[in-house]
K.L.:
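The structure that follows is given in the form of structure tokens.
All residue numbers refer to positions in the sequence shown, counting from 1.
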Amino acid sequence: MYWLIPPLFDLCARLREPGSQQHGTLKSEGRAALKNGFLHVVVPPDTDPVLENGSLLKGLRERACQDGGIHLHVLGALTAGLAGERPANVAGLQRGGCIAVSNAGKPFTNDMVMLRTLEYTATFGLKVFFYPNEPSLAAGGVAHEGYIASYHGLQGIPWIAETVALSKQLLMVEETGIAAHFSQLSCKSSVDLMRWAKGKGLPVTCDVAMHQLHLTDDNIEGFNALAYVLPPLRSNTDQQALRDGLKDGTIDAICSHHEPLNLTAKKAPFAETTPGISNFDTFMALACDLVRDGVLTPQTLVEKICLNPAKIAGVNADYERIGGAVVVDPDKAWQVTPEAMYSQGKNTPFIGQTLKGRVVETVFD
């Protein structure tokens with residue numbers, strides 16, 4: 001039986017343009033997004049140049065529509081140059097049509113700068129997207145701190161690097177009253193903290209990257225650089241907590257965290273390769289697995305990958321107006337090969353595997 005669902009809405013994908021077209025372009029990744037059911041894609045501001053000039057955002061959105069056929073939703077830079085020293089031109093970014101602002105995981109000079117920047121941003125009514133990570137705890141790390149990293153001699157990133165940052169950010173949300181979205185949670189304690197924050201009524205939402213629901217640090221065994229991603233793949237306990245948080249509604253959405261890379265980016269010793277997984281092509285099959293595993297129903301899946309993301313991005317009215325539909329065959333078996341992938345990036349740990357579930361048709365104006 002086929003599924004007929006609304007267009008997918010991705011809360012975090014890097015399309016590599018501007019700045020890193022050797023890995024992908026608006027044309028190549030837009031096409032990959034469309035073929036896999038994504039009509040709407042949110043991009044973080046850490047491109048080259050940084051997305052801090054509001055007057056350039058319209059042109060970027062138009063190119064994404066013309067070259068790739070997708071609706072691009074831009075996160076503007078929260079601080080100038082993402083340097084974490086002073087606020088960016090938030091008013092200009094808002095006029096340019098950014099949906100929210102973010103420092104894209106880059107650190108602030110200190111906590112006072114973060115607090116003052118959030119207070120300033122709150123006056124514009126803009127949402128802030130956070131990617132929680134405490135750099136002093138994560139610095140130099142390339143894998144989840146645990147047995148697998150130790151066995152391979154890889155520097156670890158403890159789960160507390162995410163949770164310490166998240167704790168601080170949640171307290172600042174409470175202090176400033178700013179609406180916030182927390183992207184790509186990866187560990188159990190983060191889910192617990194989000195549950196606490198929502199219980200207090202804070203204006204917060206969160207998402208998880210699809211690969212975190214299906215892979216763990218076991219997948220980096222043998223120095224498998226295709227499974228090198230930041231935040232890192234964590235333990236089985238963390239993965240189960242993420243699935244539980246998704247099921248009970250603590251986690252609002254699933255993003256792709258699509259990061260296409262060229263072939264050479266993964267051909268080096270593990271710690272020297274570029275982190276990232278190309279996720280558009282495998283997203284729907286992994287989504288179907290969540291339904292098969294009883295984590296979600298088809299209806300709640302639609303909420304997590306279509307409806308909730310549009311609400312979180314604040315473009316629900318546009319999403320409904322633009323419309324469209326996606327036809328999914330949840331039982332379609334296919335092998336993940338470079339030829340079967342639409343993305344320019346073939347960097348996926350699922351390469352060579354047979355997955356079940358794929359978009360078979362899209363109906364977009």
K.L.:
Let's go through His181 and Asp207 carefully: what are the C-alpha distance in whole Å and the side-chain angles of both, what is the deciding distance for side-chain hydrogen bond (donor to acceptor under 3.5 Å, both in side chains) to 0.1 Å, and is it a yes or a no?
P.N.:
CA-CA 8 Å; His181 178 72; Asp207 70 52; 2.7 Å; yes
K.L.:
Would you check, one step at a time, whether the test side chain to side chain contact (heavy atoms under 4.5 Å, CB included) holds for Lys346 with Ser278?
P.N.:
CA-CA 6 Å; Lys346 314 301 179 185; Ser278 180; over 6 Å; no
K.L.:
Per the salt bridge (charged side-chain N to carboxylate O under 4.0 Å, His left out) rule, which among Lys304, Lys198, Lys311 passes with Asp252?
P.N.:
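Among Lys304, Lys198, Lys311, the one that satisfies the salt bridge (charged side-chain N to carboxylate O under 4.0 Å, His left out) with Asp252 is Lys198.
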K.L.:
Could you identify which residues cluster with Phe223, counting Ile, Leu, Val, Met, Phe, Trp and Tyr as linked when any side-chain heavy atoms lie under 4.5 Å apart, either directly or through a chain of such contacts?
P.N.:
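Its cluster mates, by chain and number, are Val142, Tyr147, Ile148, Tyr151, Leu154, Ile157, Ile220, Tyr228, Leu230, Phe270.
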K.L.:
Is there a path of hydrophobic side-chain contacts, each under 4.5 Å between heavy atoms, that joins Leu126 and Val50?
P.N.:
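In one cluster with Leu126: Val50, no.
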K.L.:
Can you see which heavy atom on Arg234 is nearest to which on Cys187, and at what distance?
P.N.:
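What the structure gives for the nearest pair is CD-CB, 3.7 Å.
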K.L.:
Between Phe9, Phe364, Phe283, which is the residue that forms a ring-ring contact (aromatic ring centres under 6.0 Å, His included) with Phe38?
P.N.:
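One option only clears the test, and that one is Phe283.
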K.L.:
Could you walk me through whether Leu226 and Thr348 pass side chain to side chain contact (heavy atoms under 4.5 Å, CB included), step by step?
P.N.:
CA-CA 6 Å; Leu226 290 173; Thr348 170; over 6 Å; no
K.L.:
Under the 3.5 angstrom rule, does the side chain of His23 hit a backbone N or O of Asn262 as a donor-acceptor pair?
P.N.:
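Yes: the side chain of His23 pairs with the backbone of Asn262.
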K.L.:
Going by the side chain to side chain contact (heavy atoms under 4.5 Å, CB included) test, name the single residue among Val101, Ile312, Thr205 that passes it with Phe129.
P.N.:
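Only one of Val101, Ile312, Thr205 forms a side chain to side chain contact (heavy atoms under 4.5 Å, CB included) with Phe129, namely Ile312.
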K.L.:
Just how far is it from atom CG of Leu185 to atom CG of Leu193, taken to the nearest 0.5 Å?
P.N.:
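Rounded to the nearest 0.5 Å, the CG-CG separation comes out at 9.5 Å.
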K.L.:
Begin with the C-alpha distance, continue with both residues' side-chain angles, and end with the deciding distance and a verdict on side chain to side chain contact (heavy atoms under 4.5 Å, CB included) for Asn36 and Leu8.
P.N.:
CA-CA 9 Å; Asn36 290 290; Leu8 276 61; over 6 Å; no
K.L.:
Cys288 and Val328: which non-hydrogen atoms are nearest, and at how many Å?
P.N.:
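Where Cys288 meets Val328 most closely, the heavy atoms are SG-CG1, 4.2 Å.
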K.L.:
When you look at NZ of Lys127, are more than 12 heavy atoms from neighbouring residues, nucleotides or ligands closer to it than 6.0 Å?
P.N.:
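Counting neighbours around NZ of Lys127, more than 12 heavy atoms of other residues, nucleotides or ligands fall under 6.0 Å, so yes.
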K.L.:
Please evaluate residues Ser343 and Asp281 with respect to the criterion side-chain hydrogen bond (donor to acceptor under 3.5 Å, both in side chains), reporting the C-alpha separation (whole Å), side-chain torsions for both, the decisive distance (0.1 Å), and the verdict.
P.N.:
CA-CA 7 Å; Ser343 172; Asp281 290 287; 4.7 Å; no
K.L.:
Check whether more than 12 heavy atoms from other residues, nucleotides or ligands sit under 6.0 Å from atom NZ of Lys266, and answer yes or no.
P.N.:
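More than 12 heavy atoms, drawn from other residues, nucleotides or ligands, come within 6.0 Å of this atom.
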K.L.:
To the nearest 0.5 angstrom, please state how far the CE atom of Met284 sits from the CG atom of Leu301.
P.N.:
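With rounding to 0.5 Å, CE (Met284) is 6.5 Å from CG (Leu301).
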K.L.:
How about CZ on Arg86, more than 12 heavy atoms from neighbouring residues, nucleotides or ligands closer than 6.0 Å, or not?
P.N.:
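Check fails, neighbour count at 12 or below.
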K.L.:
Would you please test Ser235 and Asp238 for side-chain hydrogen bond (donor to acceptor under 3.5 Å, both in side chains) and show each step?
P.N.:
CA-CA 5 Å; Ser235 70; Asp238 292 311; 2.9 Å; yes
K.L.:
Check the pair Gln240, Asp244 against side-chain hydrogen bond (donor to acceptor under 3.5 Å, both in side chains), reporting the backbone distance first and the verdict last.
P.N.:
CA-CA 6 Å; Gln240 188 56 53; Asp244 291 344; 2.9 Å; yes
K.L.:
Just one of Val41, Asp46, Thr47 clears the side chain to side chain contact (heavy atoms under 4.5 Å, CB included) bar with Val43, so which one?
P.N.:
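Among Val41, Asp46, Thr47, the one that satisfies the side chain to side chain contact (heavy atoms under 4.5 Å, CB included) with Val43 is Val41.
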K.L.:
For Ala227 versus Leu233, what's the shortest heavy-atom pair and its separation?
P.N.:
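What the structure gives for the nearest pair is O-CD1, 3.4 Å.
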K.L.:
So for atom OH, which belongs to Tyr2, do other residues, nucleotides or ligands contribute more than 12 heavy atoms lying within a distance under 6.0 Å?
P.N.:
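No.
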